[in-house]
Amino acid sequence: TIVYWVFDLIHQEADTKKMIERLQVKNLYFNNTADFLLTNISGSRVLSVGCGSGDIEKIIKFNGSKEIMGLEISKSENPKIPIQLYDGEEFPFENDSFDTVLFVYCLHHTKNLMEIRRLMEEAARVSKREILILDHVYSNILERFGLILFDYCWNKIFYLKLKMPITFNYLKEKEWH
C-alpha cells in the first residue's frame, strides 16, 4: 500500500477575499476538491472514510466513473452515495477490498494521533493500492484559530444534523510525517 500525504494548505491562500469567496460557494469547494482527488485516485474501487453525506464523493463518482462507498460513524439524512455505518474502530470490510481509501477533511475530527494511527492501520488493511489524505494544516496560532472558527461554522451550518465530533485536532504539516 502506498500512502500519499496531501494537504490543504489553507494558510498559503494569500488573498483573503478569494478564500472567503471560495468558502461561500459550497459547490465550488466540493468541485475543486473532487477535481483534485480525481487526478490522484488510482483504481476504480474507492472507500471514503468520514464522508458525511458524500457530496464530494458523488462528484468523483459522476466524473470519474469510480465505484465509491462511504464509511461513517453517524447516519446522514440525505446520503449522495452508498454509506456503511461502523463503530469508529474496525472497518467492516475484508482485506484489500478497495483500490484507494480516502480521508477527506475528516481526520481533524479525531481525538488524537493514536486514533489517526489506528485509522491508518485499518485503511492500509482494506486498501490494495493507496491511501489519500486531504486535511487542513496550520503553521501558527492565528491560523489554528482561523481553522477552528471556520470548521465550527462550516459543520454547524452544513452538517448540523450529523453527530460528528468537533475536536479541532489540527496538525502542523511536520506532525503528519
Side-chain angles (χ1 to χ4, degrees), residues 1-41 46-60 63 68 70-74 76 80 88 100-124 127 130-177:
T1 301
I2 300 169
V3 179
Y4 294 98
W5 297 104
V6 184
F7 303 99
D8 172 29
L9 299 176
I10 198 165
H11 65 275
Q12 290 186 353
E13 182 70 65
D15 186 349
T16 305
K17 184 178 178 191
K18 274 187 184 176
M19 188 172 90
I20 291 169
E21 288 171 357
R22 185 179 73 185
L23 297 177
Q24 286 176 343
V25 184
K26 186 177 177 187
N27 286 339
L28 178 61
Y29 175 79
F30 287 153
N31 285 331
N32 288 342
T33 301
D35 288 345
F36 175 80
L37 289 168
L38 272 168
T39 62
N40 289 286
I41 292 173
V46 179
L47 175 67
S48 185
V49 181
C51 64
S53 59
D55 293 301
I56 293 169
E57 293 77 6
K58 179 183 174 187
I59 297 167
I60 292 169
N63 291 326
I68 193 157
L71 188 62
E72 255 302 340
I73 60 170
S74 61
S76 172
K80 310 293 189 298
T100 301
V101 176
L102 302 176
F103 292 91
V104 180
Y105 300 118
C106 69
L107 290 176
H108 62 271
H109 291 282
T110 60
K111 295 176 199 137
N112 52 45
L113 286 173
M114 294 292 288
E115 187 175 357
I116 292 173
R117 181 172 287 123
R118 186 184 43 72
L119 289 168
M120 291 302 106
E121 289 169 358
E122 276 298 289
S127 175
E130 63 189 359
I131 301 166
L132 295 179
I133 299 169
L134 185 64
D135 216 318
H136 308 287
V137 297
Y138 72 98
S139 61
N140 61 51
I141 194 70
L142 185 59
E143 290 171 0
R144 184 170 177 6
F145 176 75
L147 285 172
I148 288 170
L149 182 62
F150 162 73
D151 194 41
Y152 181 80
C153 293
W154 183 269
N155 288 304
K156 288 299 179 187
I157 292 168
F158 295 116
Y159 298 107
L160 184 63
K161 296 186 182 193
L162 284 179
K163 293 181 173 110
M164 80 173 84
I166 301 178
T167 59
F168 309 119
N169 185 25
Y170 300 109
L171 301 176
K172 291 183 177 182
E173 185 172 356
K174 66 182 178 183
E175 293 175 290
W176 283 100
H177 300 284

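Here, residue 1 is the first one in the sequence, and each next residue gets the next number.
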Rounded to the nearest 0.5 Å, how far apart are [atom1] of [X] and [atom2] of [Y]?
{"X": "L113", "Y": "L171", "atom1": "CG", "atom2": "CG", "answer": "5.5 Å"}
{"X": "R117", "Y": "E122", "atom1": "CZ", "atom2": "CD", "answer": "14.5 Å"}
{"X": "D55", "Y": "S76", "atom1": "CG", "atom2": "OG", "answer": "8.0 Å"}
{"X": "N169", "Y": "T110", "atom1": "CG", "atom2": "OG1", "answer": "4.0 Å"}
{"X": "I116", "Y": "H109", "atom1": "CD1", "atom2": "NE2", "answer": "11.5 Å"}
{"X": "F168", "Y": "F145", "atom1": "CZ", "atom2": "CZ", "answer": "10.0 Å"}

(request) Take the angle between the ring planes of H136 and Y170 and call it parallel below 30°, perpendicular above 60°, tilted in between. (result)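 Aromatic pair H136/Y170 classed perpendicular.
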(message) If we ignore hydrogens and angles and just use 3.5 Å, is the side chain of E130 paired with the main-chain N or O of T100 as donor and acceptor?
(response)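 No; judged by distance alone, with no hydrogens or angles, the pair does not exist.
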Which pair of heavy atoms, one from [X] and one from [Y], lies closest together, and at what distance?
{"X": "E57", "Y": "S48", "result": "OE2-OG, 2.6 Å"}
{"X": "I60", "Y": "L102", "result": "CD1-CD1, 4.2 Å"}
{"X": "F103", "Y": "L119", "result": "CZ-O, 3.9 Å"}
{"X": "S127", "Y": "V101", "result": "CB-CG2, 3.7 Å"}
{"X": "D135", "Y": "Y105", "result": "CA-CD2, 3.9 Å"}
{"X": "G70", "Y": "C51", "result": "CA-SG, 3.5 Å"}

(request) Using a strict 4.0 Å threshold on nitrogen-to-oxygen distance, state whether R118 and E121 make a salt bridge. (result)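 No, no charged N to carboxylate O under 4.0 Å.
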(request) Tell me, please, which residues at least two apart from K58 pass side-chain hydrogen bond (donor to acceptor under 3.5 Å, both in side chains). (result)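 With sequence neighbours excluded, K58 shows a side-chain hydrogen bond (donor to acceptor under 3.5 Å, both in side chains) to no residue whatsoever.
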(message) Is the shortest side-chain heavy-atom distance between S139 and E173 below 4.5 Å?
(response)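 When only atoms from C-beta onward are counted, E173 and S139 do not touch, as no gap falls below 4.5 Å.
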(message) Contact between L107 and M120 at the side-chain level, heavy atoms closer than 4.5 Å - yes or no?
(response)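 The answer is yes, as the side chains (C-beta and beyond) meet within the 4.5 Å cut-off.
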